[in-house]
Amino acid sequence: MGRDETDAPTPMLAVMGLKEGDEGAAAQIRAGIRRTVGLFPALATIYLATGALQIALRMVFGHGAPVDHMLLAAAPILLTPAAFAIVNSGPGKRLAPSRRVRILTLFAALVGIALGAALTLDLKDGSHLGQALIGVTAGAALATIVAFASLPVLVIASVAGMIGAILMTSGDAAYLPVVTLLASIIAPVLLSFVRADQAEISKTARARNDASKANALIAMFEENGRIWFWETDRHGQLTYASPRLAEYFGRQPADLLGQPMASLIVNGGDEDLASPHVERTIGFYLSSRLGFSDLPVRAAVPGEGRWMSVTGRPVIDTLGQFRGFRGSGTDYTEERKSEAEISRLARFDSLTGLPNRALMFQTLEQSLGNARINPAPCALMLLDLDRFKGVNDTLGHPVGDALLKLVAKRLEMAVGDVGRVGRLGGDEFTVVLPVAPAHSAIEALAADVIRRLSEPYMVEGSHISIGASIGIAIGPQDGATADALMRNADLALYAAKASGRGALRFYEQSMHANAQERRMIETDLRHALATDALHLAYQPVVCASAETIVGFEALLRWNHPTRGPISPELFVPIAEEIGLIQAIGEWVLRTACMEAAQWPAHVRVAVNVSSVQFANPAFPGVVMSALAASQLDPAQLELEITESVFLNDGLDTDAMFAGLKALGVRLALDDFGTGYSSLSYLRKAPFDKIKIDRSFVAGAAVPGNRNAAIIGAIVSLAEGLGMDTTAEGAETRDELELIRTLGCSHIQGYIFGRPMSAREAAEKLNCPTGVVTPQGYERSRAPRVRMLRSAILHHEARAVPGRIRNISTSGAQIDVDRPMPVDSVVAIDLGEGAKLAATVRWAQGQRIGVAFDRLIDIDALTAQRPPAKRAAAR
């Protein structure tokens, strides 16, 4: 017998209030007794009705009803519930449903026989059998309805009552065979009814048990608050709502009943996740009677951004009619927030919060689409931070990340509402201007961005100064697609970085050829380093007072086999970008030390050190290795370091200076005054020399030039700090005299010699006197600008047409239609009200050279020209 059948409840148990599996037999017996006692009032009513019936029969037939007859009828009825409870209670006495059905049938038959016999005994003396059977049937029916509450058992009890009555009727024995025959025929049929009824009852009980378990699970989920349930009618109005669902909306369950399901949903979703017109979607499902599963919807909770995940299925009755929807739901708020965060991370940079590459690319495509329809173009700026890699190398990535956040804020403030700022990755940023302003306005915005980003930063106690280079492309003229515009802006960025950094460049078609040339240089540079195709040249450094050579500066040179000499200003930045500068710098240091070891002990060699090399903690070890390998006296090695090493000033910088000075080498500050740093580092940096950049020396002897005052200030500063000074770029004798007058201790420039090979440098050092004779022009002149511009020269009341070929702040070279004598005073009319007074200093046919009576501003003069003519001049 299976467990399900064994455990199925019976009707008797249901009537008695007993349950299978209650604790112990004693509890079952006590429950049965209590149930039996509870039946006494109902049974008493039956007995009174039966007694009344007997009294009525007595009045009709004239017979009495002895008490023993009444007890005989009552005893089985009273004992039946208690006996049934005892049968189903004892240990090991739990019976299968089929056996319990047979016991029920047996007790029902006993009740009927006992009652029928009792009544018949009372009526047999002269009573009519038919009348007795009426009483027997009525009494048995009332008793069995209360005791068993089963129609088949009622029939069995009635038939048994008839049998009992016939058995007690001796005068009507003729009925006995007939009744016995009927009982033998009807009993099996009735028993099958009982079994079928009990099977159906057991099936129903099991279904109710399963439903009870399901209800318990549902109640558990509802109490948990994780899942709630709902039901609607065919019109979409709620007919059931879990208490938790009502609590979720801050209402009572009764308040939700009759409300449309769609009223719990907010119409529309957020802009980050696609779920527009949610209410219409729910309405569509409800009206089309289609099921839906895990549909994310926004809950209409006042003042909160709450989300639900809803599942629903249509309800169809047995006749195939649609009755509504039934479903469940759960809170989806946290999951929704997680999805929103994932979506945000997919489109925004996690470090700075700016739009990432994908979102900026999408913004650029939209801007180009609008530019194709509207006449206004769009613009793209690509930004690359200068010297940012040194921040990561020296101060670490956490400081670099903090710096990027500050850069992002400054960039957003600079751009404002005119464009969208994004980060492509690393130290690369981008700005999209959906509606580009005029060319000059874009240039002004880019210049302001560079200025703001170049201002010093304070990050974790470190002063950091960086710069920015910007490449600009205008769409759709510089690129009809986002890819093309991005590529061309990148080419403009490379051009900006190649022009000295801290610069901005607009895209030009010629940049494609430049980019290809750069790639070729990169490839050839790697090959040149591997094949020792690089070499060093040495430029003399001369004592200003004695004019004797005290050292040489080692300069890196590359003579390409097919392209000829390539300027270091072109290939050194490329070497820094592709990571070759460390290897090249070490080669330069070792080669210079090996060759300087052959020079006299008082002659030094100066080697330029890249900021990337200086940031390498292993650099002092490289220097020590080069000195040991060449046996060069450390005092003969002078390392030239630029101001860029102080842009990331910190403990690492101080440690590097201390390590290099511990080796005994000299340190020189190169290109002083041309960087972004302040003078504060001079208080602690152990420099031995300051080198004055050539940009201050060139033109310093020209009357009215302020460079002489700057040189004098630098010399005074160096003397106060106990440092030597070297003026670079001296080319003319008047510049040499000025430098000496201002007090510079050393001079380096073409006037004492151009860069030369190591062999030529050794030959110069072998000169007996050691004195170097200056060679160069007597006077310096202001730099000249080539141009082709028409002018009218007024001389002695005559107007002579002319064309200016080049011009400087002090004079010009002009082609005239007729010769003019030297020392002639002329007035040069440039048009647009611009006139210059000048004197003819030389004349060769129809070409003359004039000197202006006063210095002029060339930039202002050029700005007065019409745009078309200025473009032609370039």
remark   = The reported gap from CD1 in Ile466 to CG in Leu406 (rounded to nearest 0.5 angstrom) is 9.0 Å

message = side chain to side chain donor-acceptor pair (under 3.5 Å) for His560 and Thr562? Distances and angles first, verdict last.
response = CA-CA 6 Å; His560 195 276; Thr562 58; 3.1 Å; yes

request  = Give a yes-or-no answer on whether the side chains of Asn559 and His535 include a donor-acceptor pair shorter than 3.5 Å.
outcome  = no

message = If you count heavy atoms of other groups shown closer than 6.0 angstrom to CD of Gln844, is the number above 12?
response = no

task = With sequence neighbours excluded, tell me which residues meet ring pair (Phe, Tyr, Trp, His ring centres under 6.0 Å) with Phe571.
result = Trp558

Any side-chain donor near an acceptor of the partner, Thr352 and Asp349, under 3.5 Å = yes

ask   = Does NZ or CZ of Arg754 fall inside the cone over Tyr750's six-membered ring, less than 6.0 Å from its centre and within 45° of the axis?
value = yes

query = So, Ser790 versus Arg803: side-chain donor-acceptor pair below 3.5 Å or not?
reply = no

message = Is it the case that over 12 heavy atoms from other parts of the model lie below 6.0 angstrom from the CZ atom of Arg452?
response = yes

query = Any chance OH of Tyr494 has more than 12 other-residue heavy atoms, nucleotides or ligands included, within less than 6.0 Å?
reply = no

Donor-acceptor contact below 3.5 Å, side chain Arg841 vs main chain Val850 = no

query = Looking only at side chains, do Gln582 and Gln613 share a donor and an acceptor under 3.5 Å apart?
reply = no

ask   = Is it the case that Asp478 and Gln509 place a side-chain donor and acceptor less than 3.5 Å from each other?
value = no

request  = Look at the side chain of Arg519 and the backbone N and O of Glu522, then say whether any donor-acceptor pair between them is shorter than 3.5 Å.
outcome  = no

note = Hits for salt bridge (charged side-chain N to carboxylate O under 4.0 Å, His left out) against Glu586, two or more places apart or cross-chain, chain-then-number order -> Arg590

ask   = Any donor-acceptor pair under 3.5 Å linking the side chain of Thr642 with the backbone of Asp670?
value = no

query = Charged N to carboxylate O below 4.0 Å: is that the case for Asp483 and Arg487?
reply = no

request  = Mark yes or no for whether Asn488, through its side chain, and Ala473, through its backbone, hold a donor-acceptor pair below 3.5 Å.
outcome  = no

